[in-house]
Amino acid sequence: MSMIRHGYVAGPLLGLLWALVIATTVAVAFSFATGGAFRPGGIGSALLGAGLGALAVAAPRLAGPVGLVLGAALALTPLAPVVTGADVAVWLALLAGGTMGAATGWPIAAMMAECRTGALTRHEFEGAVIRFLTGFGYIFFTAIVAIPFYVMVMTSLKNQSELIRNPLDFSIDLSKGWDLFRSYSELFGQFNFGSYLWTSFLVSVLTVAITLLFAVPGAYAVARLRFTGRAAISRSILLIYMVPMIVLALPIYIAFSMLGLRNSIFGIVMIYPVTTIPVALYMLQGYFRGLPAEIEEAGLMDGLSRLAVIWKITLPLSMPAMASVSLYVFMIAWNEFLLAFMLLDDPSKFTLTRGIAALNSSEIPRQHLMAGSVIATVPIMALFLGLERFMTKGLTAGSVKG
Amino acid sequence: MTAQTPRRGPVPLDHSKGRNAPAPRPPKGRNPLERREARLAWGLLLPTIAAVTLVVVLPLMAIFWISVKPVGLADLRPPAPIASEDLRGRPEAVGDDATLRYRLRNSSQDQPITGVVLTDTLPEGLEIGELDPRCALDGLALTCDLGDFEGGHRETIEIPVTIGQAFADAGMALPDSPPGLTGRASNVLTSDEFTLDNFARIFDGGEFWGVLWVTLVYTVFGTIGALLFGLFAALLLDKSFKGQGVLRGLYLFPYVAPVIAVAFTWIILFDPFSGSANALLIQMGVTTEAINFFGQRPLALIMVILFEVWRYFPLSFLFILARMQSIDSDMFEAADMDGASPFQQFWYLSMPQLLGILSVLFLLRFIWTFNKFDDIFLLTGGNAGTRTLTVNVYEQAFAVSNIGAGAAVAVVIFGCLLAFSFLFFRFISQEEGL
């Protein structure tokens with residue numbers, strides 16, 4: 001075990017592992033970008049990685065450039081780190097090899113930065129391992145998150161026959177111009193997605209408004225006022241938060257069928273807020289508790305009533321929390337699928353998620369399904385990226401005190 | 001807290017503490033101010049409590065009620081008598097004879113309807129012939145007391161009429177007012193008929209235990225996987241560097257995107273015939289023929305667990321990151337001086353501090369994963385060995401059209417949930433001081 005903590009053992013070992021990671025990454029990235037046949041060369045990349053790892057310990061400055069040159073030079077030999085199919089252009093193969101070599105050389109030099117040629121201290125060795133794991137983590141998480149979204153967007157820009165011919169080819173033919181967006185124009189033109197978008201937006205905004213209207217007074221009462229049963233209420237909120245939707249959906253479906261509320265936006269707007277009120281109440285009361293009570297007491301002393309205190313002091317102070325709660329509730333309402341799926345059958349009243357569910361049939365080409373998914377995803381993503389600060393805070397602040 | 005009762009007039013100061021005056025005692029019960037505060041609190045909470053009762057507590061009670069009822073999907077429409085009227089005999093002029101016909105039936109094939117009454121307003125200008133003995137005419141108002149209709153009962157009432165001038169002037173057509181028909185039908189939802197068949201049905205055979213097993217495997221591995229991935233991601237982002245914000249935003253994508261969008265993306269990505277994942281695996285030589293990721297046991301279960309991990313690791317990572325950033329960094333510097341290696345620092349310093357949030361997250365995520373419906377429903381529809389309890393509710397109620405059995409599964413879910421929450425509160429109360 002102590003053998004491994006030796007510069008000339010740790011370097012090549014980490015280099016080998018890193019090279020395999022990079023070779024796979026480069027092969028997948030090039031396949032997805034060009035549609036050509038790329039695959040990691042096991043022996044080639046292992047040898048290259050081990051060599052570069054040793055070089056990184058001996059002469060860290062050289063590892064990067066040597067990796068770039070060696071990777072490209074080996075590209076067309078049997079020892080290629082990234083093996084290419086016969087139909088791949090030579091310059092692409094060289095590019096893939098060079099990229100792989102460079103992406104192995106420089107990082108491995110950085111990983112082994114503190115390591116010398118001889119025996120390493122535990123500190124130096126673990127530092128190198130952690131830098132390796134960090135690099136691997138970035139690549140791994142970015143890949144698993146980015147690939148599905150990349151596939152979603154690119155599939156929506158292609159057509160059925162292209163997709164069947166080569167499922168790996170996500171390259172875009174820019175010469176088609178606006179024709180690339182045909183799925184989108186068909187969705188908005190023939191499938192009424194404009195109206196779904198509007199319905200979803202309306203339902204989500206109304207849900208946010210109604211939720212806040214109910215949750216703000218409730219949260220204030222639980223956070224600030226003293227009354228018997230406060231602890232019980234506080235706990236039941238959490239408990240209700242945990243009741244699965246499918247359990248409630250069944251009786252709601254029956255009741256709505258009998259009352260004739262199915263297929264109505266009114267029914268949906270009635271149900272959605274109730275599913276979000278407990279969450280909102282819980283998040284808000286956590287925030288209200290954190291506000292200094294002295295300011296409110298000063299207001300009370302100056303003759304304001306409780307309600308005026310809430311309106312004039314507490315609410316202005318808790319704007320950030322209100323923003324994050326609104327954003328979170330909007331997200332829940334926008335993404336809600338189960339209730340919309342069960343309660344809405346009339347295509348003129350679909351929300352976006354229900355509309356996408358209706359696209360899932362064998363007669364409708366799948367680029368339409370993906371285009372619909374993109375239409376549903378983009379607004380919530382844009383909103384979320386713009387207000388990410390609030391989102392992160394809102395999710396963590398109230399829900400579980402850390 | 002002291003009472004702020006308004007004082008009238010000068011208040012005599014009592015300097016003679018002791019002898020004659022009674023000793024001051026703490027107030028008994030609640031003073032008016034406390035009562036007012038409590039009233040205000042309940043007032044503020046009332047809308048929420050009312051709404052939640054209406055949409056959560058009532059349905060929960062309904063679930064228990066329905067679970068002991070023999071209800072099918074078709075029973076949601078209670079049996080009702082249906083009537084239609086028409087004028088037969090093709091009358092063409094004043095004085096022609098015709099027949100006013102009412103066709104009546106019971107909409108249900110097996111449920112009786114009692115006390116059926118037909119009411120209708122006859123059009124002006126018809127000379128009415130002999131009436132059916134069960135009917136009576138008062139002016140233009142026709143009332144027929146028809147008694148009981150058995151299931152699937154049909155009958156016709158015919159009234160001979162002669163066309164008068166007023167009717168001919170009105171265009172020889174019956175007015176648009178439909179005849180009224182009322183009757184009492186027993187609705188299975190409100191009847192006093194109870195059965196334990198639903199529970200017997202769902203516990204019968206090996207299926208239920210299979211479903212329970214799948215649910216537990218899905219929940220345990222989904223929860224632990226999401227936590228481990230979240231911990232790993234949080235460790236990556238727990239340092240400031242350029243692009244940290246971008247990466248953090250990117251890593252939250254799976255959680256923020258609509259479930260239906262990402263579920264369909266996964267289905268298309270892993271499609272056995274033209275999915276990119278299969279094409280990639282074949283090209284890399286991992287497999288020689290396409291894998292049906294969502295269609296074969298036990299791979300489908302593994303895939304839905306991976307989806308769950310993928311979709312919910314952002315949530316764990318947010319919470320863990322928030323906790324990590326609140327850990328005092330002095331401690332690590334001190335440990336560094338003492339020669340603790342990075343792994344030792346993580347294991348002996350960070351982990352004990354993260355244990356609280358990790359266990360809370362575990363419990364929360366465990367319950368939510370247990371409750372999860374959309375993901376599996378969209379990915380596999382509960383096929384190929386991925387049917388969990390929640391999917392089973394839908395399956396029983398809508399695919400098999402047995403609402404009662406679906407409700408029985410829901411009751412089982414609710415029972416499990418109560419057990420978990422009990423654990424949760426016992427544990428969280430210590431952890432969080434809630």
Side-chain angles (χ1 to χ4, degrees), chain A residues 31 37 39 122-123 126-127 130 134 137-138 141 144-145 148-149 151-152 155 163-164 167-168 214 217-218 220-221 225-227 239-240 242-244 246-248 250-252 254 257 271 274 277 306 331 335 337-338 353 356-357 366 369 373 376-377 380 384-385 388 392 395-396 400-402, chain B residues 37-38 40-41 44-45 47-48 51-52 55-56 59 62-63 76 232-233 236 249-251 253-254 256-262 264-266 268-269 274-276 279-280 283-285 310 318-319 322-323 341-343 357 360 367 371 373-374 390 393-394 397 406-407 410 413-414 417 421 432:
Chain A
S31 296
R39 63 187 171 84
R122 193 170 172 170
H123 221 97
E126 286 183 7
I130 282 179
T134 309
Y138 286 136
F141 279 109
I144 61 167
V145 171
F149 288 98
V151 168
M152 187 200 285
T155 306
L163 287 167
I164 302 274
L168 274 182
F214 280 71
Y220 186 85
L225 304 178
R226 267 158 296 186
F227 58 99
L239 202 62
I240 282 163
M242 288 169 192
V243 175
I246 181 77
V247 170
L248 301 180
L250 199 55
I252 288 174
I254 295 173
S257 298
I271 286 292
V274 183
I277 284 172
R306 271 284 181 189
M331 187 188 97
N335 292 350
F337 162 72
L338 173 61
T353 48
I356 297 172
R366 63 158 93 155
L369 187 60
S373 302
T377 309
I380 190 74
F384 157 76
L385 281 183
E388 194 242 333
T392 327
L395 278 175
T396 49
V400 177
K401 293 177 285 174
Chain B
E37 193 168 321
L40 178 68
L44 291 176
L45 276 168
T48 302
V52 167
V55 179
V56 178
I63 275 286
L76 291 187
F232 190 13
L236 291 180
L250 181 73
Y251 290 179
F253 269 21
V256 180
V259 57
I260 188 162
V262 288
F264 281 144
T265 308
W266 271 57
I268 283 180
L269 187 59
S274 53
S276 311
L280 201 63
Q283 183 184 299
M284 296 203 171
W310 178 80
L318 266 187
F319 284 117
R323 182 74 187 89
S341 75
F343 278 113
I357 186 76
V360 168
I367 292 173
N371 290 344
F373 169 79
D374 314 19
T390 45
V393 174
Y394 186 88
I413 293 179
F414 190 68
L417 182 83
S421 334
E432 298 278 305

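To find a chain, count down the sequence lines: A is the first, B the second, and so on, and within it residues start at 1. All values derive from a computational prediction rather than experimental measurement.
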Inset, instruction - On the 0 to 90° scale, with breaks at 30° and 60°, tag the A:Phe141-B:Tyr251 ring pair as parallel, tilted or perpendicular. - result: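 It falls in the tilted class, 30° to 60°.
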Using heavy-atom distances under 4.5 Å, tell me whether [X] contacts chain B through its side chain, its backbone, both, or neither.
X: A:Leu369; value: side chain
X: A:Ile144; value: both
X: A:Ile356; value: both
X: A:Ser31; value: side chain

Minimum heavy-atom separation for [X] to [Y], with atom names?
X: A:Val274; Y: B:Ala51; value: CG1-O, 3.8 Å
X: A:Arg122; Y: B:Ser341; value: NE-OG, 3.7 Å
X: B:Pro59; Y: A:Pro251; value: O-CG, 3.4 Å
X: B:Trp266; Y: A:Pro148; value: NE1-CG, 4.2 Å

Non-hydrogen atoms of chain A under 4.5 Å away: do they reach the side chain of [X], the backbone, both or neither?
X: B:Phe373; answer: side chain
X: B:Ile367; answer: side chain
X: B:Ile413; answer: side chain
X: B:Ala257; answer: both
X: B:Val393; answer: side chain

Inset, instruction - Starting from the C-alpha separation in whole Å, work towards a yes-or-no answer on side-chain contact (heavy atoms from CB on, under 4.5 Å) for A:Phe227 and B:Leu40. - result: CA-CA 9 Å; A:Phe227 58 99; B:Leu40 178 68; over 6 Å; no
Inset, instruction - Kindly say whether B:Val256 contributes a backbone atom to a donor-acceptor pair with the side chain of A:Asn335 at under 3.5 angstrom? - result: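 Checking the backbone N and O of B:Val256 against the side chain of A:Asn335, a donor-acceptor pair under 3.5 Å is found.
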